[in-house]
Amino acid sequence: MERKLALYLLFPFVFFTIVKTQHDNVCLRPELAANIQMDGLQRFYSPGAELALSCKQGYTPVFGPRKIVCAASGEWTKTKIMCIPKQCPYPDTLSNGELHYEDTVFQSMINYTCDEGYTMFGNSSAVCLADGTWSTPVPECKAVTCDLAPIPLFGMIIYEKRIRGNTVDFGVGGTYKCNPPYIVVGNARAECTVLGIWTKTPICQVVTCPPPENIDRGYMSTSERRDYNYRETVKYGCSGNYVLEGSYEIVCQANGNWSEKPSCKAPCSVGIEKARILYKGKKIWIEDLTPNSVLHNDIVSVYCMDKRRTCGYAVQTQCIDGNLKIPECFERPRAIDYSLYSSSLPSEITQC
Ligand SMILES: *[C@@H]1O[C@H](CO)[C@@H](O)[C@H](O)[C@H]1NC(C)=O
Ligand SMILES: *[C@@H]1O[C@H](CO)[C@@H](O)[C@H](O)[C@H]1NC(C)=O
Ligand SMILES: *[C@@H]1O[C@H](CO)[C@@H](O)[C@H](O)[C@H]1NC(C)=O
């Protein structure tokens, strides 16, 4: 305040003129629409004064005069000038990548991303500058590559594509082979991954299986107690009326184990007396089944009585490894019925 007063005292003339002109029609410093600027810092303008308007950096003027004049009324002449943001050129597309942007005007931003398996070379974003150009050129997305695949001892790889130079693009793979008698242990196929490294490399090994073991109630095609090589086979059989279940041949596998051995399944005796059975499509009296033995998996039917309707019906049962379950509906006939009235047995009467 003191200082202001001092100024007035020092420059009474200046002070006087300002106060005086305020009573006349002067123009006040104009209020400008967005992004418009003008020269000068004055607060008051006399009638007749001209003011040049321009756009802020990054904006282009459109419409109307760019000059306003202070009229005698103390109003500025009208202008429809507008400043619109500068336009940057539409960006080039990015091969193996994507552009993300909302607009292409001053201060807009483009973000670039590369597809999976591609690495970016250059700047991942660009901004539209005040001069209408992008701040950085479009980056490049280059495929991730691997060095050539590692080769195991005694082995080789056969690429599924022709390889140029000393790198392999991601996604390209190959198949490993080993020189006999070595075999590939692990995954024979390998691939260059998006991380730029190969999937696990297999190894080349000589594979053997231990001497094969015999099976219960059976025999083997060999009695040699030695290690067997990969893919060698041994056959099995069952003694007597035992039935072989599984594969009759086992093979020495790449993991050094034999494939699954078969087993021998026991025959069954049909545990009923004094009745007829249905076996292999024939109705026979049980005492005529000699010996009383059916093979594993064989199907036998016994006859039951439907008491309400007084008719007979066959019920199936199966021999499973020495076990043949007699259906619960089967009734042992009384000796007298069997010898004197055998025609009244469920197997002999009308069938339901
Ligand atoms: C570009 O990336 C920046 C920074 O991660 C983010 O703020 C902006 O929203 C992104 N713009 C677009 C258009 O994706
Ligand atoms: C990308 O460009 C921006 C702006 O030009 C700059 O600040 C930044 O350092 C650049 N980044 C890279 C990784 O080049
Ligand atoms: C080989 O068989 C043994 C015994 O059954 C088992 O423990 C082992 O895991 C098998 N080896 C391979 C490589 O499968």
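What you are looking at is a predicted structure, and each value in this text was computed from that prediction instead of being measured. Counting starts at 1 for both ligands and their atoms, following the listed order.
Remark: Pro152 pairs with Tyr176, Thr201, Cys204 by the side chain to side chain contact (heavy atoms under 4.5 Å, CB included) rule, at least two apart or across chains.
Side-chain contact of Gln87 with Thr104: a donor-acceptor pair under 3.5 Å is present, judged by distance alone.
Looking from atom 8 (C) of ligand 1 to the surrounding protein, the closest heavy atom is Asn111 ND2, 3.6 Å. Looking from atom 2 (O) of ligand 3 to the surrounding protein, the closest heavy atom is Asn257 ND2, 2.2 Å.
Inside a 4.0 Å radius of atom 11 (N) of ligand 3 there is at least one protein heavy atom. By the definition of a contact as any protein heavy atom under 4.0 Å away, atom 4 (C) of ligand 3 is not in contact. For atom 14 (O) of ligand 1, a protein heavy-atom neighbour is present inside the 4.0 Å cut-off.
Lys56 forms no cation-pi arrangement with Phe106, by the criterion of a distance under 6.0 Å to the ring centre and an angle within 45° of the ring axis.
At most 12 non-hydrogen atoms from other residues, nucleotides or ligands lie less than 6.0 angstrom from CZ of Arg334.
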Go through the steps for Asn123 and Tyr112 under the test side-chain hydrogen bond (donor to acceptor under 3.5 Å, both in side chains), then give the verdict. CA-CA 8 Å; Asn123 205 306; Tyr112 297 100; over 6 Å; no
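Atoms of ligand 1 lying under 4.0 Å from any heavy atom of His100, numbered from 1 in the order shown and given with element: 13 (C), 14 (O).
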